[in-house]
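Accompanying notes for the structure given below.
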Amino acid sequence: MNPVDPQIERYLNRLARPLERTLDARGLEEVRMEALFHLESLVARERSRGLGEEHAVAAAIAEYGSAEIASAGLLDEWCRGRQAMTFARGSSSAFWWSFAHFGIAFGTTLLLIETQTMWPGAAFLSTEEVVGVFAFVAPLLAGVATGWRVPTGNLRALLFAFTPLVPYTALVGAVTAPFIERDLLVNLLLGWAAVGALSVVITAWLRRHGRPSESLKALS
Amino acid sequence: MSSDLLRGNTPALVLAVLREGPAHGYTIAARIDERADQPLHLKHGTLYPVLHGLERDGWVVADWQHPDGERPRKVYAITDAGRAELARHTAEWRRFSRTIDQVLGVGLEPG
């Protein structure tokens with residue numbers, strides 16, 4: 001494929017810039033790729049009509065329209081789309097994914113603890129290791145899985161994703177209280193909730209601001 | 001043509017083009033220009049918010065194509081719901097334009 005014309009590249013940058021705060025990396029890439037194909041098709045048409053390369057590019061950009069107006073239209077449509085999806089639906093989805101993932105984390109931890117207490121001879125992890133699992137690994141994995149599902153850019157959905165952490169943290173405390181000192185229990189529960197919440201946030205942030213794919217680099 | 005009139009009818013124009021077969025944005029714009037007997041002065045960049053809205057509403061579906069050695073392009077196709085919406089809009093437009101013609105007296109004057 002031919003390299004992108006510098007004038008078109010500048011136009012695509014102007015088109016994408018107002019959208020950077022709103023669209024994720026994949027969305028931005030698609031906007032640029034779609035506009036690039038259209039502009040190059042217009043250039044080809046203008047060249048077939050006898051225009052030189054530079055004039056063809058200028059004519060193509062003129063026919064495509066102002067980058068600022070085009071991106072404003074895309075932004076407006078994106079906002080309308082988010083409203084149509086309704087924050088409630090995105091929030092509901094985020095809540096149930098979080099409920100499921102942290103439920104699995106809690107269930108796994110409970111299973112390990114039950115194994116420890118009911119069949120000490122069969123236990124394959126020490127009590128300290130079980131504590132390590134439920135304090136760090138379980139909420140981390142659940143948080144990553146939840147962050148992968150939460151709609152990015154939707155703060156309300158993110159807050160809904162945190163909601164199941166409260167009852168699950170309380171349940172973990174209720175289950176482990178007989179086995180752990182009070183001070184340590186409080187620290188572990190705070191760690192459980194904090195690791196879970198942070199892993200949701202960081203995963204959602206990484207999804208939103210991920211690296212552009214190789215196909216976009218190939219366009220440059 | 002009034003920009004407001006054009007803006008309100010652009011989705012229907014896009015659906016009418018897609019009714020003939022799947023197309024990407026450039027082809028859609030070209031076919032609209034070909035069919036109109038007067039220039040509509042539709043800026044091609046304004047088609048994409050319309051296409052995304054139609055996709056969101058389920059009236060078109062879209063898919064990326066990656067031909068070897070060529071730029072990727074997004075191709076849109078009308079859905080059954082899109083065809084129904086186009087039929088609804090066409091009927092509404094006919095009623096509307098007939099009513100406006102009646103009020104304006106279009107077609108009643110000699111010559």
Side-chain angles (χ1 to χ4, degrees), chain A residues 1-5 8 11-12 14-16 18-19 22-23 26-27 29-46 48 59-86 213-216 218-219, chain B residues 1 3-4 6-11 13-15 17-18 22-34 36 39-77 81-82 85:
Chain A
M1 280 186 284
N2 295 331
V4 180
D5 181 276
I8 292 180
Y11 180 89
L12 293 177
R14 289 198 346 257
L15 179 70
L19 306 172
T22 309
L23 299 183
R26 182 188 167 120
E29 177 186 345
E30 291 196 351
V31 166
R32 290 178 69 109
M33 284 168 60
E34 205 167 20
L36 174 62
F37 174 76
H38 195 128
L39 284 164
E40 289 189 339
S41 300
L42 283 169
V43 170
R45 188 194 69 183
E46 295 303 319
S48 72
I61 289 173
E63 186 148 1
Y64 195 87
S66 155
E68 287 71 25
I69 293 176
S71 63
L74 289 169
L75 194 57
D76 187 49
E77 176 49 44
W78 184 90
C79 291
R80 228 178 289 140
R82 298 299 285 188
Q83 287 171 357
M85 189 187 82
T86 76
S213 73
E214 289 304 313
S215 60
L216 181 59
L219 294 176
Chain B
M1 173 175 285
S3 60
D4 289 336
L6 183 58
R7 193 180 306 124
N9 285 284
T10 303
L13 299 179
V14 170
L15 289 175
V17 167
L18 290 177
H24 45 65
Y26 171 75
T27 301
I28 293 170
R31 286 188 187 158
I32 290 173
D33 285 340
E34 283 167 19
L40 292 175
H41 302 295
L42 178 70
K43 292 296 184 186
H44 290 200
T46 61
L47 279 179
Y48 290 98
V50 172
L51 284 165
H52 295 171
L54 293 174
E55 192 178 358
R56 167 175 51 80
D57 292 335
W59 295 337
V60 305
V61 291
D63 194 23
W64 281 95
Q65 294 180 349
H66 299 267
D68 288 339
E70 294 182 25
R71 299 284 188 214
R73 73 282 312 267
K74 194 172 182 182
V75 175
Y76 297 85
E85 170 60 21

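In the text below, chain A, chain B and the rest are named by the order of the sequence lines, each starting its count at 1.
Of the atoms belonging to A/L42, heavy atoms from both backbone and side chain fall under 4.5 Å from chain B. In this structure, no portion of A/A67 lies under 4.5 Å from any heavy atom of chain B. In this structure, the portion of B/D33 lying under 4.5 Å from any heavy atom of chain A is its side chain and not its backbone. For chain B, the nearby part of A/E40 is the side chain; its heavy atoms alone come within less than 4.5 Å. Using a 4.5 Å cut-off between heavy atoms, B/A29 touches chain A through its side chain atoms alone.
By the 6.0 Å contact criterion, CZ on A/R14 is enclosed, its count of non-hydrogen atoms from other residues, nucleotides or ligands being greater than 12.
In this structure, A/Y64 and A/A70 approach most closely via the heavy-atom pair CE2-CB, 4.5 Å.
At least one side-chain heavy atom of B/K74 sits less than 4.5 Å from a side-chain heavy atom of B/E55.
Annotation: the span from B/H44 atom NE2 to A/E63 atom CD amounts to 4.0 Å, rounded to 0.5 Å.
Using the six-membered ring where Trp is involved, B/Y26 and A/H38 have ring planes that are perpendicular, over 60° apart on the 30 and 60° scheme.
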